[in-house]
Student: 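Got a structure here, written out as structure tokens. Questions coming.
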Amino acid sequence: QGQPAESGGGSVQPGGSLRLSCARNGNTFASSCMGWFRQAPGKERERVALLTDDGRGEYGDPVKGRFTISQDIAQNMVYLQMNSLNPEDTGMYYCAAARRPAFGCLPLSIEFFTNWGQGTQVTVST
């Protein structure tokens, strides 16, 4: 598999929205589980959202109700729609792939994700 490739980051005011895109680049639906993570300066990388086989997605507590993860299987793309952004959402956002386990794409811990994109910066400020 190739390296996932993120795009769509930028600067936005509080309350605004952004949509991040991730090209799977060979990390196909059949072989991989995909997720979005973020890292703010001085903080550990944290899980933002994971694609799960039931289609509901798994979200970190800080983003529940505001962010939505989705995919276009035919286009091999994964998306993160981010609404009601606040300054605490500022950070580098990464798309990552995990080898699909036999039990499917359930919520996986970050250690499963071994193939990472370069990241895209999101800045929320006035």
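Computed from heavy atoms alone, side chains included, the values below leave out hydrogens, waters and symmetry copies.
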Student: Show your reasoning for whether side chain to side chain contact (heavy atoms under 4.5 Å, CB included) applies to Ser32 and Arg99.
Tutor: CA-CA 5 Å; Ser32 305; Arg99 184 174 180 178; over 6 Å; no
Student: How long is the straight-line distance from CE of Met82 back to CZ of Arg66, given to the nearest 0.5 Å?
Tutor: 9.5 Å
Student: Please examine the side chains of Ser125 and Pro87, heavy atoms only from C-beta on, and report whether any two atoms are closer than 4.5 Å.
Tutor: no
Student: Do the side chains of Met34 and Leu50 get nearer than 4.5 Å, heavy atoms only?
Tutor: no
Student: I'd like to check the side-chain hydrogen bond (donor to acceptor under 3.5 Å, both in side chains) partners of Arg38; sequence neighbours left out, ordered by chain and number.
Tutor: Glu46, Asp89, Tyr93
Student: Side chain to side chain contact (heavy atoms under 4.5 Å, CB included) between Trp36 and Val78: does it pass, once the steps are laid out?
Tutor: CA-CA 9 Å; Trp36 286 96; Val78 180; 3.7 Å; yes
Student: List the steps and the verdict of side chain to side chain contact (heavy atoms under 4.5 Å, CB included) for Phe113 and Glu111.
Tutor: CA-CA 5 Å; Phe113 292 85; Glu111 291 76 19; over 6 Å; no
Student: Is there a donor-acceptor pair under 3.5 Å between the side chain of Asn86 and the backbone N or O of Gly15?
Tutor: no
Student: With clusters defined by side-chain heavy atoms of hydrophobic residues (ILVMFWY) lying less than 4.5 Å apart, directly or transitively, does Val63 cluster with Val12?
Tutor: yes
Student: Mind jotting down which residue pairs meet the disulfide bond (SG atoms under 2.5 Å apart) criterion with at least one end in residues 31-62? Sequence neighbours excluded, please.
Tutor: Cys33-Cys105
Student: Which atom pair, heavy atoms only, marks the closest approach of Met77 to Ser21?
Tutor: CE-CB, 3.8 Å
Student: Tell me, do Trp116 and Pro4 make a side-chain contact under 4.5 Å, heavy atoms counted?
Tutor: no
Student: Please confirm whether the backbone N or O of Thr90 pairs with a side-chain atom of Thr123, one donor and one acceptor, at under 3.5 Å?
Tutor: no
Student: In terms of relative ring orientation, are Phe103 and Phe112 parallel, tilted or perpendicular, with 30° and 60° separating the classes?
Tutor: perpendicular
Student: Name all residues meeting the salt bridge (charged side-chain N to carboxylate O under 4.0 Å, His left out) criterion together with Arg45; count only those two or more places apart in sequence or in a different chain, and write none if there are none.
Tutor: none
Student: Tell me which pairs pass side-chain hydrogen bond (donor to acceptor under 3.5 Å, both in side chains) where either residue lies in residues 4-14, with sequence neighbours left out.
Tutor: none
Student: Check whether more than 12 heavy atoms from other residues, nucleotides or ligands sit under 6.0 Å from atom CD of Gln39, and answer yes or no.
Tutor: yes
Student: Starting from the C-alpha separation in whole Å, work towards a yes-or-no answer on side chain to side chain contact (heavy atoms under 4.5 Å, CB included) for Phe67 and Asn83.
Tutor: CA-CA 6 Å; Phe67 290 14; Asn83 299 327; 6.0 Å; no
Student: Where do Ala49 and Leu80 come nearest, in terms of heavy atoms and distance?
Tutor: CB-CD1, 4.0 Å
Student: Is there any salt bridge (Lys or Arg N to Asp or Glu O under 4.0 Å) pair reaching into residues 52-61, and which pairs are they, with sequence neighbours excluded?
Tutor: Arg47-Glu58, Asp53-Arg100, Asp61-Lys64
Student: Can any side-chain N or O of Tyr59 pair as donor or acceptor with the backbone N or O of Ile69 at less than 3.5 Å?
Tutor: yes
Student: Does any non-hydrogen side-chain atom of Asn115 lie less than 4.5 Å from one of Asn27?
Tutor: yes
Student: Is there any side-chain hydrogen bond (donor to acceptor under 3.5 Å, both in side chains) pair reaching into residues 68-77, and which pairs are they, with sequence neighbours excluded?
Tutor: Arg24-Gln71
Student: Verify the cluster assignment for Leu20 and Leu51: are they in a single hydrophobic cluster under the rule of side-chain heavy atoms below 4.5 Å apart?
Tutor: yes
Student: Grab the two heavy atoms, one from Leu18 and one from Val122, that are nearest each other, plus how far apart they are.
Tutor: CD1-CG1, 3.9 Å
Student: Quick one: does Asn25's side chain have a donor or acceptor within less than 3.5 Å of a partner on Gln3's backbone?
Tutor: yes
Student: Cluster question for you: counting only ILVMFWY and a side-chain heavy-atom cut-off of under 4.5 Å, with indirect links fine, are Tyr79 and Ile73 together?
Tutor: no
